[in-house]
Amino acid sequence: MTILNIPVFNNYTKSSLQWLVSILCERFGYGWHLEHDGHKFILSHTESDKIIVFDKLQKVFHQARSDFSCKQWQASSEGYFGPVEDVIPAPSEIDLPEPLIELNEKGATIHYDILGLTYWMLTRLEEVRRTDLDSHQRFPATSSHAYRHGYLERPIVDEWLNVLGQVIQRVWPSIELKQHEFSIKVSHDVDIPSRYAFQNLKGLIRTIGGDVLLRKDFISALKAPWIKLNSQHSIHPADPANTFDWLMKKSEENDLTSAFYFICGRTDASKDAKYDPEMPQIRALMREIHQRGHEIGLHPSYNTCSNPKEIAKEADRLRQICKEEGIQQREWGGRMHFLRWDQAITQKAWADAGMTYDSTLSYADRPGFRCGTCFEYPAFDIASNQQLSLRIRPLIAMDCTVIADRYLGLGSTDAAYAKFNELKYRCKQVGGVFTLLWHNSFFSCEKDFEIYISLINRN
């Protein structure tokens, strides 16, 4: 692991404390106050003069590191409940005291830095200025502390906040904590809205060759020229990538809203889309999505993750097209192409571009809880030391991450479904949100359709 020198924040600022309070308020309800004296956190509530003290703060939660230990805590050994499993991972550079939680006449003392862990995981401080990146310049799961210590598929921030909630109920039994209900959010990156419509002659011939030699889809190969010819104004229904109507129908059957994220720029000719958002086929698609009550969002082009001006330009381009088509939305969100993300730059660029939320934060190479949570939360920029207007909507699983050979490689199988469903169930255990990315063009066989239908069912 290679790490550049970065600022080490030994003390929390007023802004970061206010941000942590906002996290607690979203999770538990309002009335919280948080103090930090350099050595401990003191959590209080307007309900009474009792307090919860966190007295074992860790400097490691202010560093871009993955090379430290992870302990384990058995919740039931002290009379608490683990919402996912009884034993909860506890990233820590020190041994955990026994007991970990002590109740007293003043309230309680927790000898684990739950709020420091929350800060470290949600700000993704671990990733800042790291150089152990993959071929797409992404921080990979395999470099993360979570993967190395086997808790990437655990929402550990949510688990520890659940434990904190149990302590809160013992210290302030009259407080009625906010309740959360499990939900599902589905989104679709529109990389390839049509297999044939936007191809030039050379590309069409190559794609037809792929139909025959790789996909063994002889019927589509025969239809390809006809489909392209009949996709001048809207994408023909027979196009294999045109699953939009089906996706919207399945969402509607499950009382879900599908979000479709469109590429609105071209910063890499080989990796970006072959369409322009102004094309009549794309405009027609956007109109249909909007008319049916679904969402349109942004999928910034490949080389934008470190280019705030380009992200803003592409966001403005999308909003202008939508304005021309009479499309109005309460919020504008999206996801980075290839999940490319520079924690020091990208989230602030999204906020500065006037976007409402981003749903990039999952790893491409492994599914799970990159941020340690399946709850949406306000972004905090450690470089400028400010809470941003942007919301972070963590992505839990992407289709190709689980199925494709280049990543987890489970294929279109029962094993793939089981992996997706396990992550979905863990979101359900903590009352969070299972956020699923499934590309409109990632349906290669009947099993893919079956997996998707099962996953978007709330049961």
Side-chain angles (χ1 to χ4, degrees), residues 124 136-138 185-193 198 244 257-269 271-290 294-362 376-381 383-384 386-395 398 435 437 439-440:
R124 300 311 304 134
H136 293 288
Q137 295 300 294
R138 300 175 298 200
K185 288 190 179 295
V186 291
S187 53
H188 320 281
D189 295 350
V190 187
D191 300 339
I192 306 171
F198 308 110
F244 298 101
T257 299
S258 273
F260 297 89
Y261 303 146
F262 289 87
I263 295 178
C264 293
R266 192 168 291 114
T267 53
D268 187 298
K271 295 181 177 65
D272 287 324
K274 290 181 170 59
Y275 67 87
D276 290 314
E278 293 85 1
M279 288 178 169
Q281 304 95 323
I282 302 302
R283 286 179 180 267
L285 176 57
M286 288 184 181
R287 288 196 300 270
E288 181 183 4
I289 290 168
H290 180 67
H294 298 281
E295 180 188 342
I296 294 164
L298 181 65
H299 196 39
S301 58
Y302 183 79
N303 282 318
T304 59
C305 68
S306 299
N307 190 337
K309 289 184 179 180
E310 186 63 30
I311 289 178
K313 178 181 175 182
E314 295 182 13
D316 287 342
R317 187 179 182 185
L318 175 66
R319 287 188 288 251
Q320 179 60 35
I321 294 166
C322 288
K323 181 180 179 181
E324 292 169 2
E325 296 298 331
I327 296 171
Q328 296 182 344
Q329 295 186 158
R330 183 176 57 85
E331 60 181 22
W332 295 94
R335 175 180 299 115
M336 296 300 294
H337 196 24
F338 279 72
L339 304 187
R340 300 188 80 212
W341 186 265
D342 184 335
Q343 181 62 23
I345 298 173
T346 314
Q347 67 171 356
K348 190 171 188 304
W350 273 82
D352 291 345
M355 301 302 285
T356 312
Y357 74 85
D358 173 88
S359 190
T360 300
L361 284 172
S362 185
E376 188 176 299
Y377 61 91
F380 187 82
D381 180 45
S384 60
Q386 63 176 325
Q387 180 173 322
L388 303 176
S389 58
L390 183 74
R391 304 281 296 176
I392 298 298
R393 182 177 295 173
L395 174 63
M398 175 171 67
T435 304
L437 160 57
H439 296 76
N440 64 284

So which atom in [X] and which in [Y] form the shortest heavy-atom distance, rounded to 0.1 Å?
{"X": "Ile321", "Y": "Pro277", "value": "CD1-CB, 3.3 Å"}
{"X": "Met398", "Y": "Leu339", "value": "CE-CD1, 3.9 Å"}
{"X": "Leu318", "Y": "Cys264", "value": "CB-SG, 3.8 Å"}
{"X": "Gln329", "Y": "Ile296", "value": "OE1-N, 2.7 Å"}
{"X": "Ala353", "Y": "Ala312", "value": "CB-CA, 3.8 Å"}
{"X": "Lys348", "Y": "Leu388", "value": "CA-CD1, 3.8 Å"}

Heavy-atom side-chain contact between [X] and [Y] under 4.5 Å:
{"X": "Lys313", "Y": "Asn307", "result": "no"}
{"X": "Arg391", "Y": "Pro378", "result": "yes"}
{"X": "Phe244", "Y": "His188", "result": "no"}
{"X": "Val186", "Y": "His294", "result": "no"}
{"X": "Ile345", "Y": "Cys305", "result": "no"}
{"X": "Phe262", "Y": "Leu285", "result": "yes"}
{"X": "Arg266", "Y": "Asp276", "result": "yes"}

request  = Could you walk me through whether Ile392 and Gln347 pass the side-chain contact (heavy atoms from CB on, under 4.5 Å) test, one step at a time?
outcome  = CA-CA 9 Å; Ile392 298 298; Gln347 67 171 356; 3.9 Å; yes
For atom [atom1] of [X], decide whether the heavy atoms of other residues, nucleotides or ligands shown that lie under 6.0 angstrom number more than 12.
{"X": "Glu324", "atom1": "CD", "answer": "yes"}
{"X": "Ile192", "atom1": "CD1", "answer": "no"}
{"X": "Lys271", "atom1": "NZ", "answer": "yes"}

Distance (rounded to the nearest 0.5 Å) between [X] [atom1] and [Y] [atom2]:
{"X": "Asp268", "Y": "Thr304", "atom1": "CG", "atom2": "OG1", "result": "11.0 Å"}
{"X": "Met336", "Y": "His299", "atom1": "CE", "atom2": "NE2", "result": "9.0 Å"}
{"X": "Leu390", "Y": "Asp352", "atom1": "CG", "atom2": "CG", "result": "10.0 Å"}
{"X": "Ile289", "Y": "Ile327", "atom1": "CD1", "atom2": "CD1", "result": "8.0 Å"}

message = I'd like to know whether the aromatic ring centres of Tyr261 and His337 sit less than 6.0 Å apart in this structure.
response = no
Report yes or no: does [X] contribute a side-chain atom to a donor-acceptor pair with the main-chain N or O of [Y] at less than 3.5 Å?
{"X": "Glu314", "Y": "Ser301", "value": "yes"}
{"X": "Thr435", "Y": "Leu395", "value": "no"}
{"X": "Asp358", "Y": "Thr360", "value": "yes"}
{"X": "Arg138", "Y": "Trp341", "value": "no"}

Qualifying residues under salt bridge (charged side-chain N to carboxylate O under 4.0 Å, His left out), relative to Glu331, sequence neighbours excluded = Arg393
request  = Could you tell me which residues satisfy salt bridge (charged side-chain N to carboxylate O under 4.0 Å, His left out) with Lys185, sequence neighbours excluded, listed by chain and number?
outcome  = none
task = Give every residue pair that meets the salt bridge (Lys or Arg N to Asp or Glu O under 4.0 Å) criterion with at least one member in residues 333-346, sequence neighbours excluded.
result = Asp189-Arg335
query = Between Phe198 and Tyr275, how do the two ring planes meet: parallel, tilted or perpendicular, split at 30° and 60°?
reply = tilted
task = Determine whether the side chains of Thr267 and Glu310 contain a donor N or O and an acceptor N or O closer than 3.5 Å.
result = no
query = Only one of Glu325, Glu288, Glu278 clears salt bridge (Lys or Arg N to Asp or Glu O under 4.0 Å) with Arg283; which?
reply = Glu325
ask   = Does the distance from a Lys or Arg side-chain N to an Asp or Glu carboxylate O, for Asp316 and Arg319, drop under 4.0 Å?
value = yes
